[in-house]
Amino acid sequence: MATHLSSTPHSGFHYFSQGWKLIHQPGIRRFVILPLLINILLMGAAFWWLFTRLESWIPSLLSLVPDWLQWLSYLLWPLAVISLFLIFGYFFSTIANWIAAPFNGLLAEQLEARLTGATPPDTGILDIMKDLPRIMKREWQKLTWYLPRAVVLLLLYFIPGLGQTLAPVIWFLFSAWMFSLQYADYPFDNHKVPFKTMRAALRERKMINMQFGTLVSLFTMIPVLNLFIMPVAVCGATAMWVECYRDKHNMWK
């Protein structure tokens, strides 16, 4: 049975909040369990390890600041902490998404059917296994698009003062865009929309996607809440797909 959604696009903040509601939809909860467990195990272990290392890593990062800029330490210390949380949050989210990609795609597929009343492909375990090469190829496309840009941003941290001040801000904006790409990709990929076409489509509604990605990025840095962010983001991105992109790119009858 279709769930009513407005045909008028909302803000990215709205779709993110919708994600928290949609994970509780009857008939959807069972598709949330596996992505949720994968994210809890991986993100929980990753951030526990990060907290045990912060005490030694932050002084090491600040030691790169030249003596004549030491007066900026009061500003650079919190920026260094935020940077580590951003980098680790995206890095481990990427690993979790690689592992959970087939289940995230299935969650997006089932939720879209619930929201629209459409009939999705009849997907079972064997179908998921057959789709694994295509799914992993898609994840690889995202990674190869991301890595060169991430390396350039990381190099900014080695520019004393200005680079170390600007890098966390630029990295946060870049992470927001990447999280939007990451989670919007599941409903787009379910309809076999090419990665390049999807990026062009998201750029047409860049503000909405940046708003959505910003909240995903923020919640990825918040302990405990970040354990639940993966299925929430998949559901929010699927709601956005239904309202903003499905009319143009839909391939289901």
key: Cluster companions of Leu37 among Ile, Leu, Val, Met, Phe, Trp, Tyr (side-chain spacing under 4.5 Å)   =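 Under the 4.5 Å side-chain rule, Leu37 groups with Ile33.
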
key: Non-neighbouring partners of Thr220 that pass side-chain hydrogen bond (donor to acceptor under 3.5 Å, both in side chains), sequence neighbours left out   =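 Per chain and number, Thr220 pairs via side-chain hydrogen bond (donor to acceptor under 3.5 Å, both in side chains) with no residue.
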
inquiry  = Going by the rule side-chain hydrogen bond (donor to acceptor under 3.5 Å, both in side chains), which residues pair with Asn39 if we only count those two or more places apart in sequence or in a different chain?
reply    =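 Partners of Asn39 by the side-chain hydrogen bond (donor to acceptor under 3.5 Å, both in side chains) criterion come out as none, since no residue qualifies.
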
task = Apply ring-ring contact (aromatic ring centres under 6.0 Å, His included) to Phe174 and list each qualifying residue two or more places apart in sequence or on a separate chain.
result =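 Once residues adjacent in sequence are excluded, the partners of Phe174 under the ring-ring contact (aromatic ring centres under 6.0 Å, His included) criterion are Tyr146.
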
Set of ring-ring contact (aromatic ring centres under 6.0 Å, His included) partners for Phe179, sequence neighbours left out =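 Residues passing ring-ring contact (aromatic ring centres under 6.0 Å, His included) with Phe179: Tyr90.
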
Atom [atom1] of [X] and atom [atom2] of [Y]: how far apart are they, to the nearest 0.5 Å?
| X | Y | atom1 | atom2 | answer |
| --- | --- | --- | --- | --- |
| Asn190 | His249 | CG | NE2 | 14.0 Å |
| Leu22 | Ser17 | CG | OG | 9.0 Å |
| Ile38 | Trp98 | CD1 | CH2 | 14.5 Å |
| Phe188 | Thr238 | CZ | OG1 | 10.5 Å |
| Arg114 | Ile28 | CZ | CD1 | 7.0 Å |

Show which side-chain atoms of residues 198-216 pair as donor or acceptor with protein atoms under 3.5 Å away, not counting sequence neighbours.
from	atom 1	to	atom 2	distance (Å)
Asn209	OD1	Ser180	OG	2.9
Asn209	ND2	Leu202	O	3.3
Asn209	ND2	Arg205	O	2.9
Asn209	ND2	Tyr245	OH	2.9
Gln211	OE1	Gly12	N	2.8
Thr214	OG1	Met210	O	2.7

request  = For Arg149, check salt bridge (Lys or Arg N to Asp or Glu O under 4.0 Å) against everything at least two apart and list the hits.
outcome  =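 Checked Arg149 against salt bridge (Lys or Arg N to Asp or Glu O under 4.0 Å); zero matches.
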
If a pair satisfies salt bridge (Lys or Arg N to Asp or Glu O under 4.0 Å) and one of its residues is in [range], list it, with sequence neighbours excluded.
| range | result |
| --- | --- |
| residues 134-148 | Asp131-Arg134, Arg134-Asp189, Arg138-Asp185, Arg138-Asp189, Glu139-Lys142, Lys142-Asp185 |
| residues 11-33 | none |
| residues 218-228 | none |

request  = Under the side chain to side chain contact (heavy atoms under 4.5 Å, CB included) rule, collect the residues that match up with Pro231, sequence neighbours excluded.
outcome  =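 In terms of side chain to side chain contact (heavy atoms under 4.5 Å, CB included), with neighbours along the sequence ignored, Pro231 is linked to Ile23, Val32, Leu36, Leu107.
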
CA sep, side-chain torsions, deciding dist, call: Ile95, Ile99, side-chain contact (heavy atoms from CB on, under 4.5 Å) = CA-CA 6 Å; Ile95 295 175; Ile99 297 170; 4.1 Å; yes

